[in-house]
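Proteins come first, then strands; the chains are lettered A, B, ... in the order of their sequence lines, and each starts at number 1.
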Number of protein chains: 2
Amino acid sequence: MSENASTVAELLQSNFDNLTRAERQLSHSLMENYPVSGLGSITTVAQNASVSTPTVARMVQKIGFKGFPEFQAALRKEVEATISDPIAKHETWADQAPNEHIVNKFTEAVIDNIRHSLGQLDIDTFEKSCELMADTNRSLFIVGGRITRAMADYFFLHMQVLRKDVTHIQSISNAWPHYLLDIKKDDVVVIFDVRRYENSTLKLAEMAAEAGAKIILFTDQWLSPISKLAHHTFSLKIVVPSAWDSSVTTMLLVETIIADVQKRTWPETRERMEELEVMFDRTRFFRKFT
Amino acid sequence: MSENASTVAELLQSNFDNLTRAERQLSHSLMENYPVSGLGSITTVAQNASVSTPTVARMVQKIGFKGFPEFQAALRKEVEATISDPIAKHETWADQAPNEHIVNKFTEAVIDNIRHSLGQLDIDTFEKSCELMADTNRSLFIVGGRITRAMADYFFLHMQVLRKDVTHIQSISNAWPHYLLDIKKDDVVVIFDVRRYENSTLKLAEMAAEAGAKIILFTDQWLSPISKLAHHTFSLKIVVPSAWDSSVTTMLLVETIIADVQKRTWPETRERMEELEVMFDRTRFFRKFT
DNA sequence: GCAAATATGAAGAAAAAGTTTCAGAAATGA
DNA sequence: TCATTTCTGAAACTTTTTCTTCATATTTGC
């Protein structure tokens, strides 16, 4: 090989473009639990990646080895190096970059946010909230602010597939009265509000509360004033080395909730998804599945 | 074997008394560079210990394995444990909930996605991409798909503050020609495209490429077909225990990029942010800072 | 020191792993 | 859409590994 790559991982990466679909699948499987996943027989490796043995044989040749045994020998050497050098344990996330690189610093902070936020998460709040959101007898309204609107949109997009009666309250202030007309007692209003708490969002929360709706709030560790009106509050740590706050933790929680609600509404959701499938097919919106 | 030893090393030790001369020699050789030294073929292992292959075969049976392959499988498992343990796997994130609770399962998967994606991240791609996006001589266009539109919107929201000439290409297909008119040579087009790759997005990418724009692509591990047109591609792992894919990793990377671009454009950005401050004050958009 | 018991490795048999071929499947391009 | 190219895995084939046999070497007990 002309590359001067020193590890199999690097070889896999630098040749990724030249790999075929099955080979990429294999490549990913190998990286999955690198480098141990490549230590079994060629048959085992193939099975783990759900490809055939010839694919394995072909790929290792493609990335520069004479054959599978040579490839495996290289892996063994790496394992040896990793094991005998205890300091080289992954402390960095992007190991191509130094510890101080922003990618690693930022990720470090985000992981810390996640650890912190989940450590504080009240499971009962989580369960109860999911239950409310899965209850199709209640209409569901979703509201975001200036920055959190993307989050609200993302949540809406998924909930819309999972269940009926979901509304994204989008525009700022003007159109709200119309939405508010529709909010009935015991409906559920999900609000995203993080610091630089917005007046208008607070106003909407107040009106929703007056209408007798259940409010579920996603906010930061400093708690939006809406928390006084909310039935369930998720407070998340959002601090990162940036002029901005991070939404990663919020998104993690939102996705987890989506997964949980989906479990709860599965019979209904299943039908909806199948119908959606058919419609996508008919509109040729997507490419053929790859 | 009657022993309840859990590692090969323990088996070797507890059976040491019953071993013959050649077998002890082999045992020492194995412990020498444990457990990697036992990972080669039976012939290699035998040669390293200066004994014959039958000796190896006999000994592994003596200490309780059915044959050499089984012995080696046990070793591999130990290697795997040694390598993957220090990265603190199977950590409970929400400690109020059991390990199997969806919150923990989901988070585990997301962290794994992050680790995996960043491990593969090419730093040069990262730097070059940030440089392109920070270059105000180039107009910046941002495009998302059905699901990724929220992501695109989030990115747009921030970039809009950081620099001038940022456009979010929102609607599907109809309004594109107008946007495309504005895309000039060397402009930057950021595209989000994950599986269920969308035909329309691909078309747009093609047209942008024809116009001579630089394409930066955020996609999943299976690579959107746009990757062939893209100058820089970020492939992220997005698999979670859900019917949906996760956008958390993408968001992490997007936020990191925002932070980095901000550093690069700080002088210009600072002014913009201050002006924005003033405008917010005047519109009383936010509550007083709490 | 010598017979009996045990251990050892060369050589070949059996089994498994690795490689190559090739026909059908999938993707691509016109 | 259809022809062409490329990819993929079943199956045949080759190589290597693993296991077994057995003759020779070594140790042990007396």
[X] has an atom [atom1]; how far is it from atom [atom2] of [N], in whole Å?
{"X": "A:K66", "N": "C:dG18", "atom1": "NZ", "atom2": "C1'", "answer": "13 Å"}
{"X": "B:L26", "N": "C:dA7", "atom1": "CG", "atom2": "C1'", "answer": "14 Å"}
{"X": "B:K62", "N": "C:dT6", "atom1": "NZ", "atom2": "C1'", "answer": "10 Å"}
{"X": "B:L223", "N": "C:dA27", "atom1": "CG", "atom2": "P", "answer": "15 Å"}
{"X": "B:E70", "N": "C:dA15", "atom1": "CD", "atom2": "P", "answer": "17 Å"}
{"X": "B:E23", "N": "C:dG9", "atom1": "CD", "atom2": "P", "answer": "10 Å"}
{"X": "A:R24", "N": "C:dA27", "atom1": "CZ", "atom2": "P", "answer": "13 Å"}
{"X": "B:F68", "N": "C:dA17", "atom1": "CZ", "atom2": "C1'", "answer": "14 Å"}

(Q) Does A:R58 reach a base, just sugar-phosphate, or nothing at all? Heavy atoms under 4.0 Å. (A) base
Q. Quick one: are B:L204 and B:V143 in side-chain contact, heavy atoms under 4.5 Å?
A. yes
Q: Tell me whether the OP1 or OP2 atom of C:dT20 has a side-chain N or O from A:Q61 closer than 4.0 Å.
A: yes
Q: Mind jotting down which residue pairs meet the ring pair (Phe, Tyr, Trp, His ring centres under 6.0 Å) criterion with at least one end in residues 23-60 of chain B? Sequence neighbours excluded, please.
A: B:F16-B:H28
Q: Considering only NZ, NE, NH1 and NH2 on the basic side and carboxylate oxygens on the acidic side, decide whether B:E23 and B:K62 come within less than 4.0 Å.
A: yes
Q.
Please determine whether a side-chain nitrogen of the Lys or Arg among B:K214 and B:D187 lies less than 4.0 Å from a carboxylate oxygen of the Asp or Glu.
A. no
(Q) For the helix from C:dG1-D:dC30 to C:dA30-D:dT1, what angle separates the axis at the start from the axis at the finish, each from five pairs, in steps of 10°? (A) 40°
Q.
Go nucleotide by nucleotide along DNA chain C from the 5' end; which of B:A22 and A:T43 gets its closest nucleotide reached first?
A. B:A22
Q) Are B:F126 and A:H101 close enough that their ring centers fall under 6.0 Å? A) yes
Q | Exercise: identify the closest heavy-atom pair between A:E255 and B:S247 | A | OE2-N, 2.5 Å
For residues 224-241 of chain B, run the donor-acceptor check on the side chains, cut-off 3.5 Å, and write out each pair with its distance to 0.1 Å, sequence neighbours left out.
| residue | atom | partner | partner atom | Å |
| --- | --- | --- | --- | --- |
| B:S224 | OG | B:D193 | OD2 | 2.8 |
| B:S224 | OG | B:I226 | N | 2.9 |
| B:S227 | OG | B:S224 | O | 3.0 |
| B:H231 | ND1 | B:I215 | N | 3.1 |
| B:K237 | NZ | A:E32 | OE2 | 2.9 |
| B:K237 | NZ | B:D112 | OD2 | 2.7 |

(Q) Need two values: the first and the last nucleotide of DNA chain D, 5' to 3', having an atom under 4.0 Å from any heavy-atom of chain A. (A) D:dC7 to D:dA11
Q) Under 3.5 Å, is there a donor-acceptor pair linking the side chains of A:Q262 and B:W244? A) yes
Q. Looking just at side-chain N and O atoms, do B:T44 and B:S41 make a donor-acceptor pair shorter than 3.5 Å?
A. yes
Q.
Of the options C:dA17, C:dT8, C:dT19, whose atoms approach the side-chain atoms of B:T20 most closely?
A. C:dT8
Q: Supply the atom-to-atom distance B:S29 OG to B:R24 CZ, rounded to the nearest 0.5 angstrom.
A: 16.0 Å
Enumerate the protein-to-nucleotides 11-13 of chain C contacts in which both atoms are nitrogen or oxygen and the separation is below 3.5 Å.
none

Q | B:D122: salt bridge (Lys or Arg N to Asp or Glu O under 4.0 Å) partners, not counting sequence neighbours | A | none
